Amino acid sequence: MDIKFRRLKGTRDLMLEEIERWHWCEERWNEVLSRYGYGEIRTPVIEPAGLFLRSVGDGTDIVDKEMYSFESRGGEQLCLRPEMTASVVRAYLENGLTRQPGTVKFYYMAPMFRHDRPQAGRYRQFHQVGVEAIGSASPVLDAEVIQTAMALFDAVDARGLTVLVNSIGCPECKPGYVADLREFLEANMERIPPAFQERIAVNPLRLFDAKDDEVQNLLTEFKPITEALCPACRTHHAVVLGCLGDLGILFREEPGLVRGLDYYGRTTFEITAETGRKQSSLAGGGRYDGLIGQCGGPDTPAVGFSAGIERTLLHLADEVIDPQRSRQTQVDVYVACLDEPSQRFGLAACDLLRGFCRVEIDTTLRSMKAQAKTANLRRARILLTVGETERETGTLQLKNLDTGEQIPVERQRLLAAVREVLEG
RNA sequence: GUGGCUGUAGCUCAGUUGGCAGAGCCCCUGGUUGUGGUCCAGGUGGUCGUGGGUUCGAAUCCCAUCAGCCACCCCA
């Protein structure tokens, strides 16, 4: 077949058995997140491009080469959101929540867009489940956010995960460390592959992300950031780690974990899967105390994370979906009709049943055999048949597909008869 | 943006040294005047990803291009 239109690169169609898995996860996550005190937020998929240029930061890959940006008819610079934190902060300010008492806690399960080259567990339109907790500077909240992330994975039976934690300091101590690091790197420029060199000027911390062995070796010669923290950050970090211990969450301190977004400060963390797959990072997050002020709001501390839904599902997917199998939507009752007047009669009968169960009417005018076969494929438990005789006598043939028994049923008794079979 | 692998029926895939494009599953019809899950018989369905080239002749060889997957970069 010469199909005229195809999916855009890096996008997917979710349906059939796969969408069932999504529903299964979403139900559990809604439940877990409400138990941690989060309420759902849904924000527009399109935003002013400037929102992310400012928050995520130019100089990051997300902004420099992965944003879906375009100009609106009115000449505004817009984009499809590459991440959710900035949008939640925008919504928080725009809807006047700054004077809310306590901590404002939002969660989301929503599509994001990044113009990356797709690969396993990475798509251009992908989905994240995540939270933002706004209004508390407490390290205890950092720990709870990490715990929330783990609870999400636990709720869908994701196992074999590792929590990596780090602190990257605050405006007091981070700039000094970054300056020292830049000086050190510039003094050792010849040991750094060209691909990474330009990063030094923009954000030397991002050298820690490099998987290159030479770069990593070089960095072991420099002091880890945790040793350069100011006293306040040091205490904060210690409390976070202490809480994780109290909660029985196993973690690994990872001084090289700096994250790719500019707005993070103090706590950063990542949750990775120990699989053979390279896309092992399932979730990432951290504290962003400066972002709300930077967006024009009052100085407000906040912390959050987001997890990749496709990646999480990929990690769970040990059972491979057989493309030949289960392409059918299930129903309880299937209505076979032998001619067009019978279809009209059958349609009215469906109406009587839909308040109670799942019903599908066959309008294809195929052979009786073919219609019955489809009823079976739909896993229907009842087959109703309407032909000329039934139509004239105001009845339907009701066949119990488990037992094979078939009896004529008057229209008025149909609902009762169907109930009896399905409930019995 | 860079590299590797793969593109043949709706799906999963065979296709020999270049010689009539195949199988299984699915689907449709019949065996059973209007009855499924099992059988049996028959049938529909293909610009061999696309465009060029070599050749008497290309799914097969060459070039280009597109798409998918995987990896790098980076990230969820």
Side-chain angles (χ1 to χ4, degrees), chain A residues 1-3 6-12 56 60-66 82-85 109-130 149 152 193 195-196 199 206 208-212 257-261 270-273 276-285 305-315 320-325 327-328 334-339 342 362 364-391 397-406:
Chain A
M1 252 197 307
D2 186 18
I3 301 168
R6 308 195 141 268
R7 239 183 288 132
L8 259 34
K9 186 192 282 286
T11 63
R12 302 202 311 147
V56 174
T60 61
D61 280 14
I62 291 179
V63 164
D64 287 354
K65 41 185 234 196
E66 295 173 5
E83 62 109 34
M84 196 66 178
T85 302
M109 290 163 44
M112 308 295 156
F113 304 83
R114 292 184 200 173
H115 195 102
D116 250 3
R117 192 86 171 257
Q119 72 189 72
R122 187 169 74 191
Y123 301 95
R124 289 183 172 181
Q125 175 173 346
F126 64 103
H127 298 76
Q128 292 185 327
V129 50
L152 293 185
F196 303 101
R199 242 185 255 179
R206 290 197 44 229
F208 282 106
D209 288 333
K211 282 179 201 163
D212 187 89
L257 179 64
V258 294
R259 320 238 70 242
L261 291 71
E270 194 165 310
I271 297 170
T272 61
R277 297 262 183 188
K278 293 288 184 182
Q279 300 299 336
S280 57
S281 174
L282 299 190
F305 79 89
S306 68
I309 296 181
E310 286 85 355
R311 277 186 195 183
T312 302
L313 261 49
L314 190 64
H315 177 66
V320 181
I321 293 167
D322 179 351
Q324 306 263 9
R325 284 269 137 71
R327 308 277 282 180
Q328 299 287 321
Y334 198 81
V335 184
C337 306
L338 296 168
D339 52 28
S342 298
D362 193 315
T364 61
L365 291 180
R366 288 128 81 220
S367 68
M368 185 60 217
K369 179 178 180 168
Q371 296 191 49
K373 199 171 172 182
T374 304
N376 196 53
L377 287 168
R378 294 277 198 281
R379 304 273 196 100
R381 297 187 52 210
I382 291 173
L383 174 66
L384 296 177
T385 305
V386 187
E388 201 181 341
T389 6
E390 287 76 21
R391 226 191 312 135
Q397 294 293 333
L398 186 156
K399 182 168 187 175
N400 180 330
L401 290 174
D402 298 329
T403 64
E405 274 179 278
Q406 177 166 309

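Nothing here was measured: the structure is a model prediction, and the numbers come from that model. Just so we're on the same page: letters track the sequence lines, and every chain starts at 1.
Contact of A:Arg311 with B:C75 (side chain to base): a donor-acceptor pair of N or O atoms is detected under 3.5 Å. For A:Gln371 against B:U35, no side-chain N or O and base N or O form a donor-acceptor pair under 3.5 Å. One N or O donor and one acceptor, one from the side chain of A:Arg114 and one from the base of B:A76, sit under 3.5 Å apart. With hydrogens and angles ignored, no donor-acceptor pair closer than 3.5 Å exists between the side chain of A:Lys9 and the base of B:G68.
Here B:U2 is the nucleotide among B:A76, B:U2, B:U35 with the atom lying nearest to any side-chain atom of A:Arg117. Residue A:Ser367 places its side chain closer to B:G30 than to any other of B:A71, B:G30, B:G34. Comparing B:G34, B:C75, B:C27 by their closest approach to the side chain of A:Lys373 singles out B:C27. Ranking B:G36, B:C70, B:C28 by closeness to the A:Ala120 side chain, first place goes to B:C70. Nearest nucleotide to the side chain of A:Gln119, out of B:C28, B:C75, B:C72: B:C72. Distances were taken from every side-chain heavy atom of A:Asn376 (C-beta onward) to each of B:G37, B:U35, B:A76; the shortest belongs to B:G37.
Nearest-nucleotide mapping onto RNA chain B: of A:Glu405 and A:Ser306, the residue sitting toward the 5' end is A:Glu405.
Checking B:U38 for Watson-Crick or G-U wobble geometry (two distances, each under 3.5 Å) identifies no partner in any strand. Searching all strands for a Watson-Crick or G-U wobble partner of B:A64 with both distances below 3.5 Å returns B:U50. Across all strands shown, B:U44 remains unpaired; no Watson-Crick or G-U wobble contact has both distances below 3.5 Å. Base pairing of B:G10 is made with B:C25, judged by Watson-Crick or G-U wobble geometry with both donor-acceptor distances under 3.5 Å. For B:G1, the paired base is B:C72 (Watson-Crick or G-U wobble, both distances below 3.5 Å).
Across all strands, A:Tyr123 comes closer than 4.0 Å to base atoms (heavy-atom distances). Within 4.0 Å (heavy atoms only), A:Lys369 reaches at least one base atom of the nucleic acid. As judged by a 4.0 angstrom heavy-atom cut-off over every strand, A:Glu83 is placed among residues making no nucleic acid contact. At the heavy-atom level, A:Gly130 lies nowhere under 4.0 Å from the strands shown. Note on A:Gln397: a base of the nucleic acid sits closer than 4.0 angstrom, heavy atoms only. As judged by a 4.0 angstrom heavy-atom cut-off over every strand, A:Ala283 is placed among residues touching the sugar-phosphate backbone only. A:Leu377 comes within 4.0 angstrom of sugar-phosphate atoms only, judged by non-hydrogen atoms across all strands, and of no base. Note on A:Ala380: nothing from the nucleic acid sits closer than 4.0 angstrom, heavy atoms only. At the heavy-atom level, A:Glu390 lies under 4.0 Å from base atoms of the strands shown.
For the pair A:Arg124 and A:Glu66, the minimum side-chain heavy-atom distance is 4.5 Å or more. Between A:Lys65 and A:His115 there is no side-chain heavy-atom pair separated by less than 4.5 Å. Contact check for A:Ile62 versus A:Glu83: no side-chain heavy atoms found under the 4.5 Å cut-off. Between A:Glu390 and A:Thr385, every side-chain heavy-atom pair lies at or beyond the 4.5 Å cut-off. Two residues are said to be in side-chain contact when any heavy atoms from C-beta on lie closer than 4.5 Å; A:Met112 and A:Pro82 fail this criterion.
For the pair A:Arg381 (side chain) and A:Asp402 (backbone), a donor-acceptor distance under 3.5 Å is absent. Under a 3.5 Å cut-off, the side chain of A:Arg391 and the backbone N or O of A:Val386 do not form any donor-acceptor pair.
Between A:Ile271 atom CD1 and B:A76 atom C1' there is a gap of 11 Å when expressed in whole angstrom units. Whole-Å rounding puts the A:Leu384 CG to B:G34 P distance at 19 Å.
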